[in-house]
Amino acid sequence: MAATNQPILLSFTTTTITTVPHLKQLHAHLLRTTLLPSSSAPSLLAHLAISSLTTLSSSSSSSLDYALSVFTHTSPFPDTPLCNSVLRDLAKGAHPDRAVWVYARMRGEGRAVDRFSFPPILKALARVRGGVREGSELHGVALKMGFGLDPFLQTGLVRMYASSGCVFVARQVFDEMPLRDVVAWNVMINGYCQGGLYDDTLLLFEEMKRSDVKPDKMILATVVSACNRSRNLSFGREIHDYIRKEKVEVDFHLQNALVTMYVNCEAIDTARELYEQMPLKNLVAATSLVMAYSKLGRIEAARSIFDELVDKDLVAWSAMIACYAESDCPQEALKLFNEMEILGVRADQVTVLSVISACAELGVMDKAKWIHNYVDHNGFGDIVPVNNALIDMYAKCGSLVNAREVFYKMSSLRNVISWTSMIAGHAMHGDANGAFGLFDQMKAEGIMPNNVTFVSLLYACSHVGAVKKGHQIFASMISEYHIAPSHEHYGCMVDLLGRANLLKKALDFIESMPFPPNVVIWGSLLSACRLHGEVELGEFAAKQLLELDPEHDGAQVLLSNIYAKAKRWEDVVDVRRLMQNRGVMKEKGSSRIELEGKVHEFLMFDRTHEHTKHIYEKLDEVVFRLKMKGYVPDLSSVLVDLEEDEKKEVVLWHSEKLALCYGILNSKRGSYIHIVKNLRVCEDCHTFIKLVSKVYEREIIVRDRTRFHHYRDGICSCKDYWC
DNA sequence: ATAGGGTTAG
């Protein structure tokens, strides 16, 4: 027996135990063997349990608890130094509450606490919620034992109090310290920083510089991170200068803190320069750069940082996927998600939310169903924000039926965002009554609407021209719900009044605002003027808008539209020349169509599709047949003063018409055609698609920039109240 | 035998 046991024991004592099976195996051996001297077994076992605790302290709680039970069941109970070192490991691990537990066991077993016990327990208590209660008790115990002036104890107390939100008590202890070294200063400074007291952070740092303690790299990292959080670029730069002047060693953490600080203080070029100097690219710095470039819409810059990373973690992947999802590149987002999956990186909630919003933007039912299935099969199905995102996605993919299904399945989990997503969904499909009904139901269930709920409701009103109801909702928002209207609410009202051709009232409304109108508000008025051919007020609105944003392309496009409608070609030419001089580009219209799970994208005049020839032939045929039914191309949206024939071509080659013809080619009578357009559908295309739905007997669903149009038998769900 | 500092991000 001894001969077979010995080598196993030896192998256990010379290597670290890292897994529970290891420990269990050893435990079993020790319990079975009778040959070990009874006195040495417990101590050996306790040591081995410790060696496993070191690595297990950050793993799953069940593994940890097993090792802990081995530790606490050794007899006699482990002595104080042994317990102290266990406390140390537990305090820095993933389950600091277990340190508190061991401390309780220690006391219960009559083991004395010494000055070495306090720092680890305090550290653990600093990381446990509500730990300050036991922490202050411990404070008293330590004072009674005469350790009051022990710098290790005091530093631990400062940290414990500060991280429990008791910064003032922490400061009191700090002020009582007879000797404050760089660690003590760091803990106090960090305490202010974590507590959001950035002014105090920087003040204390200044105070430290006046004392005889010299700042080191760690304290500088803390201070730089305070500059980051408080967006204090100038102080951050000063610290950076100090670091260079004093030749402080810039390690990983410090470099990281500097890059993050520059990124968040919108000094992205400086951040990039520093990043380029890093010998090893750190994930955190890289990810914050990716996110910063994403916010600026610089997709290629974000991607190049991302591509350089060798070991990408989930956050890096998620940031890049979100970058695409938020920058009008839903297909790239899905592609990247797929690559991530192939590499075996497991998505989390944040990733999934980005992917759902990419699917929403794409507007393709096939993909919507795919991600929904993914959600259900990967354990995200009960997460409220995920379900809310699914509701929004289905609405944006044209299916209120599916949106409702998700909504009803949520039952008791629904929150204000779930309801608001449903209301917004009905609004975008022009079902105002559905939206109002949901609102009543929501109130009946006691869910308080928020400002976004009201934006959605007003939006529903403006899509059907419900002027009276809109006023009513706007008033009740203020009086009943005490929500102060924001730019968005005023924008909806201006939109509502403007579309209803109450332009003067819209202007009055703008003038009644308690704060200056913004670009969006003037834009709403301007587009209403375009709709109703109102030149004078349109010019006024455009002038106001361009004063706020001289680069605004939409204003110039709309203004030239108004002039074109009034056949004021010289004015059109002037505006266009202005646009060209300023390099203003009109966003190109594009339309997507989904056929058998494949997405085809068309631009205006597009001739790149493999079936271009057939598509244009079909277009000729469709135009011919529609003309027989009385279709006359409406040229009023054409900006340029061309010959009539040329204008016709410009109108007929709009991307949605090309997509539609491709759809007719590839579908049968009685089927659905689903198109997503990035801009608004023009008036001519609107008429054109209505006629196609009748002549070719197709149901056509078009999502444009602001809403859905369901065309069937020559009629559109928007009842032509749109634009 | 055993003690105090920076892990940041969506």
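Lettering follows sequence order; numbering is per chain, from 1.
Seen from the ring of Y198(A), R229(A) does not count as a face-on cation partner, given the 6.0 Å and 45° thresholds. With Y324(A) as the aromatic partner, K335(A) does not meet the cation-pi criteria of under 6.0 angstrom to the ring centre and within 45 degrees of the ring axis.
Residue contacts shown for T287(A) are absent, as no nucleic acid heavy atom lies under 4.0 Å away. Using a 4.0 Å heavy-atom criterion, one finds that L254(A) contacts the bases of the nucleic acid, with or without backbone contacts as well. Within 4.0 Å of I219(A), counting heavy atoms only, lies at least one base atom of the nucleic acid. Base engagement by V183(A) is indicated by at least one non-hydrogen atom pair under 4.0 Å involving a base atom. R159(A) comes within 4.0 angstrom of sugar-phosphate atoms only, judged by non-hydrogen atoms across all strands, and of no base.
No donor-acceptor contact under 3.5 Å links the side chain of N256(A) to the base of dG6(B). For dA1(B), the base has a donor-acceptor partner in the side chain of D79(A) [N/O atoms by modelled type, under 3.5 angstrom]. In this model, no side-chain donor or acceptor of N186(A) finds a partner on the base of dG6(B) within 3.5 Å.
Within a 6.0 Å sphere centred on NZ of K281(A), other residues, nucleotides and ligands contribute more than 12 heavy atoms. Around CG of D376(A), the count of heavy atoms belonging to other residues, nucleotides or ligands within 6.0 Å exceeds 12.
Listed for the R414(A) side chain is no donor-acceptor partner under 3.5 Å among the backbone atoms of W419(A).
In this entry the distance linking CD of Q255(A) with P of dT8(B) reads 19 Å, nearest Å. Here the C1' atom of nucleotide dG10(B) and the CG atom of D348(A) are 8 Å apart, to the nearest Å. As rounded to whole Å, 14 Å separates atom C1' of dG10(B) from atom CE of M320(A). One atom, CG of L179(A), and another, P of dG4(B), lie 19 Å apart when rounded to the nearest Å.
Between R88(A) and dA3(B) there is a side-chain N or O to OP1 or OP2 distance below 4.0 Å. The phosphate of dG4(B) (OP1 or OP2) has no side-chain N or O of K92(A) nearer than 4.0 angstrom.
A salt bridge links D175(A) and R171(A); the closest N-O separation between the charged side-chain nitrogens and carboxylate oxygens is under 4.0 Å.
Taking every side-chain heavy atom of T351(A) into account, dG10(B) is the closest of dT8(B), dG10(B), dT2(B).
Residues from residues 222-239 of chain A with heavy atoms under 4.0 angstrom of DNA chain B: there are none.
Partner L90(A) forms a side chain to side chain contact (heavy atoms under 4.5 Å, CB included) with one of D97(A), V100(A), V102(A) and no other, that one being V102(A).
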